[in-house]
Participant: 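After the structure tokens below, expect a handful of questions from me.
Whatever order the structure lists ligands and atoms in, that order sets their numbers, starting from 1.
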Amino acid sequence: MLVSLTKFGVAGALAAGLWFGVPAAAEANVVDGGVAPAAPAQGGECGKPGQPPCPLQDWMRKNVASALASNDAAALSVALEKAAKLTPDPAWASWSSAANAGAAAAKKGDIAGARGACKTCHETWRATYREQFRMRPVPR
Ligand code: HEC
């Protein structure tokens, strides 16, 4: 956690401090600007050019996309297993099923198969995730 805070600098640390003080159910409000006072990373201030990447966006790049890029099936499997647990809402059943299916494929060395999980989850959940949970910290 400390490592990732350093990366975002003071603004990130402030925002993270905010998140800790806000119950999970209210995080969507933080994104809407309903709860948080003026802090740089509030109101969806991430992910655009010149802004720090959003938490899951950053995590995806470093854990999932990098494993895929280096053709590392074992790391990809681990990353997708972790991704399965990052469901922001237990009602999003196909989130974990897609990620777990991808992890299983990667475990067998089937990287092409694992890629199906990227597509399924991104098509199904990415837009909604961004609307509702973009600022949600990735649990370690
Ligand atoms: C279970 C759901 C799920 C799976 C499986 C998944 N992703 Fe993602 N991914 C997301 C979500 C949600 C976002 C949006 C995060 C954001 O923008 O804040 C995302 C964002 C990303 C990003 C960031 C793109 C950007 O805006 O810079 C990359 C890269 C990425 N995913 C790669 C992958 C790859 C590669 C795979 C498959 C090997 C994969 N993801 C599988 C849910 C998933």
Participant: To the nearest 0.5 Å, what is the distance between CD1 (I111) and OG (S77)?
Facilitator: 10.5 Å

Participant: Regarding C118, does it place an N, O or S atom less than 2.8 Å from atom 8 (Fe) of ligand 1?
Facilitator: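 No, since none of the N, O or S atoms of C118 sits under 2.8 Å from atom 8 (Fe) of ligand 1.
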
Participant: Heavy-atom count around K82 NZ within 6.0 Å, excluding the residue itself: above 12?
Facilitator: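 Atom NZ in K82 is packed in, count exceeds 12.
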
Participant: What distance do H122 atom NE2 and M60 atom CE have between them, rounded to the nearest 0.5 Å?
Facilitator: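 Answer for the NE2-CE pair, H122 versus M60, is 5.0 Å.
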
Participant: Quick one: angle M60 SD - atom 8 (Fe) of ligand 1 - H122 NE2, to the nearest 10°?
Facilitator: 180°

Participant: Tell me, which protein residue and heavy-atom name are nearest atom 29 (C) of ligand 1, and how many Å apart are they?
Facilitator: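 Of every protein heavy atom, A65 CB, 3.8 Å lies nearest to atom 29 (C) of ligand 1.
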
Participant: Would you indicate which of M135, E123, R61 comes nearest to atom 27 (O) of ligand 1 when only heavy atoms are counted?
Facilitator: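 Looking at heavy atoms only, R61 sits closest to atom 27 (O) of ligand 1.
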
Participant: For L68, take its heavy atoms, then give the atoms of ligand 1 lying under 4.0 Å from any of them.
Facilitator: 35 (C)

Participant: Under 4.0 Å from any heavy atom of R130, which atoms of ligand 1 are there?
Facilitator: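 In order of number, 16 (C), 17 (O), 26 (O).
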
Participant: Where is the nearest protein heavy atom to atom 11 (C) of ligand 1: which residue, which atom, and how far?
Facilitator: L56 CD2, 3.6 Å

Participant: Among all protein non-hydrogen atoms, which one is nearest to atom 3 (C) of ligand 1, and what is the separation to 0.1 Å?
Facilitator: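 Closest protein heavy atom to atom 3 (C) of ligand 1: C121 SG, 2.7 Å.
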
Participant: Could you check Q57 against R134 for side chain to side chain contact (heavy atoms under 4.5 Å, CB included), going step by step and ending with a plain yes or no?
Facilitator: CA-CA 9 Å; Q57 182 183 36; R134 196 128 209 234; 3.5 Å; yes

Participant: Could an N or O of ligand 1 be found under 3.5 Å from any N or O of W95, whether backbone or side chain?
Facilitator: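 Among all N and O atoms of W95, none is under 3.5 Å from an N or O of ligand 1.
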
Participant: Nearest protein heavy-atom contact for atom 24 (C) of ligand 1: which residue, which atom, what distance?
Facilitator: R126 NH1, 3.7 Å

Participant: Once you restrict to heavy atoms under 4.0 Å, what part of T120 touches ligand 1? Side chain, backbone, both or neither.
Facilitator: neither

Participant: Please lay out, stage by stage, how L86 and W59 fare under the test side chain to side chain contact (heavy atoms under 4.5 Å, CB included).
Facilitator: CA-CA 11 Å; L86 299 179; W59 188 88; 3.8 Å; yes

Participant: Membership question, hydrophobic clusters at under 4.5 Å side-chain separation (ILVMFWY): are V138 and W95 in the same one?
Facilitator: yes

Participant: Considering the heavy atoms of R134, write down every atom of ligand 1 situated less than 4.0 Å from one of them.
Facilitator: 16 (C), 17 (O), 18 (O)

Participant: Do N100 and L80 pass the side chain to side chain contact (heavy atoms under 4.5 Å, CB included) test, and can you show the C-alpha distance, the side-chain angles, and the key distance before you say yes or no?
Facilitator: CA-CA 7 Å; N100 281 323; L80 286 173; over 6 Å; no

Participant: I'd like to check Q132 versus P88 (side-chain heavy atoms, cut-off strictly below 4.5 Å). Are they in contact?
Facilitator: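 Side chain of Q132 against side chain of P88, heavy atoms only: no contact under 4.5 Å found.
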
Participant: What distance separates E81 CD from K107 NZ, expressed to the nearest 0.5 Å?
Facilitator: 4.0 Å

Participant: Would you call A117 a ligand 1 contact, heavy-atom distance under 4.0 Å?
Facilitator: yes

Participant: Provide the number and element of each atom of ligand 1 under 4.0 Å from a heavy atom of L76.
Facilitator: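 Close to L76: 38 (C).
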
Participant: Describe, in one word, how the ring planes of W125 and W92 are oriented to each other, choosing from parallel (under 30°), tilted (30 to 60°) and perpendicular (over 60°).
Facilitator: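 Correct class here is parallel.
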
Participant: Please indicate whether any nitrogen or oxygen in Q57 is less than 3.5 Å from any nitrogen or oxygen in ligand 1.
Facilitator: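 So ligand 1 has an N or O lying under 3.5 Å from an N or O of Q57.
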
Participant: Taking heavy atoms and a distance under 4.0 Å, where does R115 meet ligand 1: side chain, backbone, both or neither?
Facilitator: neither

